[in-house]
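Below is one structure, written out as structure tokens; comments come after it.
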Amino acid sequence: MIEIATEVDLFHPPARIWRALTERELLAKWFAGSESLGDRTLLRTAGLPGYDADTEVEVVELRAPERLVLRCREADRSTRLACDIVATGHGSRLSVREVLEQGDWDADRRAGQHQQAVTGRLPAILDWLAFQQVDLRRAEGGLTAELPVVRLLGDVRSRAGRRRAVLVAGVLAVLGATAGATVWATRPAPPPPAPAAPPTSTPLVVPSASSGPPKATPSRATPSATRRSVAPDPTPSASPTRTQSPSPSPAAPLTGSYETVSDRVFGYRGQVVLSNPGPAARSGWTVTVTLGDGATVGTVNGAEAKQDGAVVTFTGAAVPAGGSATIRFDVRDPDVTATEPEGCTVDGAACAGL
């Protein structure tokens, strides 16, 4: 028995994923068409990449919106396909498992079909469904507010394209908002440091209009200066100060590594792993990611984000000594060929992997 398993995290609620997998009118977006055969469905797959004939589908188990099990017959091949949907903190996790029951197949090619379907076609359909529920009639905030029947994936305030028309970038911004995009809280800029006061010199003699030439002040200052120059202290105070307060050694810099976790039609999901090789926790770090033209960041896990044009700045909690921290972020990019950002730095140093 040969089994192929694929798992993917999606920034959409389980109910929306269930619709994409089960509603008959949406099957045309997966295949060339469909036809009802009573308790079975005929999918027009003949001629599509990876298929030799049309596929006949029979429902074995149906438990909305969690589990769907199908028996698929294509020519002389029979397989059992199971889809399980589990809600997560940022959306849902979809697990797809297919077992060959009869006939033969190219397992590598079949695995590639699974990967293309769940990381390419399915996210595109889900984004399209989310866009249908956006209220474009509102004068203000219309591009980021869903209709009342749609629930965003959690409280967006609690989380942290390249060369296409501006209209396309606007549509992607809509998709990012309805798929659970984070509303970034802009931190106020710290006030500039106060300029240092210019040094002032204290005169040894302060003239007074009501008295004659000063006597007491010069007589006290002159012997003091004489004692310091003629009879210096035999035990300088600088040496014990240097011995008791040695300069601390500089902290080891953080390092970063970038990886594209998954590709999709309208963008990709990126990941930056921060590593702290030093003996103490490191706070106050900054990760900067440069995106393509028109690209926007959606949901972020592991940090807070602020986007200014193509540059996205991530900040977050201290990285423990000898430990690491992971930042994951969803990118909407109108350039369908884009699979990674154009640049990534950690405190100014380039990330590995780009």
Side-chain angles (χ1 to χ4, degrees), residues 5-12 86 88-95 115 118-120 123 153-154 156 158-162 176 179-185 187 249-264 266-292 295-333 335 337-354:
T6 306
E7 189 174 88
V8 64
D9 289 333
L10 299 165
F11 295 98
H12 293 271
V86 178
T88 62
H90 61 269
S92 306
R93 178 172 291 116
L94 172 64
S95 300
Q115 188 69 19
V118 299
T119 63
L153 303 180
V156 293
S158 67
R159 307 170 182 252
R162 242 177 262 248
T182 303
V183 178
W184 311 122
R187 293 185 173 181
S249 58
L254 295 180
T255 61
S257 175
Y258 173 82
E259 178 186 1
T260 296
V261 178
S262 63
D263 299 337
R264 55 195 307 176
F266 292 107
Y268 53 91
R269 185 183 308 144
Q271 171 180 287
V272 176
V273 177
L274 300 177
S275 299
N276 180 11
R282 283 292 307 275
S283 59
W285 52 265
T286 300
V287 173
T288 302
V289 173
T290 304
L291 306 178
T296 57
V297 164
T299 301
V300 175
N301 290 312
E304 295 182 0
K306 175 184 176 183
Q307 181 165 359
D308 183 8
V311 178
V312 184
T313 303
F314 299 93
T315 56
V319 182
S324 63
T326 300
I327 306 171
R328 283 193 175 187
F329 52 94
D330 186 42
V331 176
R332 308 283 178 169
D333 199 322
D335 184 353
T337 65
T339 59
E340 61 184 23
E342 296 185 352
C344 170
T345 62
V346 179
D347 293 334
C351 300
L354 275 180

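- At least one side-chain heavy atom of Leu291 sits under 4.5 Å from a side-chain heavy atom of Gln307.
- Nearest heavy-atom pair, Ala318 versus Ala281, reported as atom, atom and distance to 0.1 Å: CB-CB, 4.4 Å.
- Atoms OG1 and CG, on Thr299 and Asp9 in that order, are 11.5 Å from each other to the nearest 0.5 Å.
- The shortest non-hydrogen separation linking Leu274 to Gly256 is CD2-CA, 4.4 Å.
- Between Phe11 and Pro123, every side-chain heavy-atom pair lies at or beyond the 4.5 Å cut-off.
- When atom types are taken as modelled, the side chain of Asp347 and the backbone of Thr286 share a donor-acceptor pair closer than 3.5 angstrom.
- Expressed to the nearest 0.5 Å, how far OH of Tyr258 lies from CG of Leu354 amounts to 6.5 Å.
- Using a 4.5 Å cut-off on side-chain heavy atoms (C-beta onward), Phe329 and Val312 make no contact.
- In plain terms, the two heavy atoms of Pro277 and Pro253 that are nearest each other are CD-O, 3.5 Å.
- In terms of heavy-atom proximity, Leu94 sits nearest to Leu10 at CB-CD1, 4.2 Å.
- Atom SG of Cys344 is separated from atom CD of Glu259 by 12.5 Å, given to the nearest 0.5 angstrom.
- Here the CH2-CG distance, from Trp285 to Leu254, works out to 8.5 Å after rounding to the nearest 0.5 Å.
- Rounding to the nearest 0.5 angstrom, the gap separating the OG1 atom in Thr315 from the CD1 atom in Ile327 is 8.5 Å.
- At a threshold of 4.5 Å between non-hydrogen side-chain atoms, the residues Val273 and Gln271 count as touching.
- Atom OG1 of Thr290 sits about 7.5 Å away from atom CD of Glu342, to the nearest 0.5 Å.
- Closest approach of Asn276 to Ala321, counting heavy atoms only: ND2-CA, 3.6 Å.
- At a threshold of 4.5 Å between non-hydrogen side-chain atoms, the residues Val346 and Thr255 do not count as touching.
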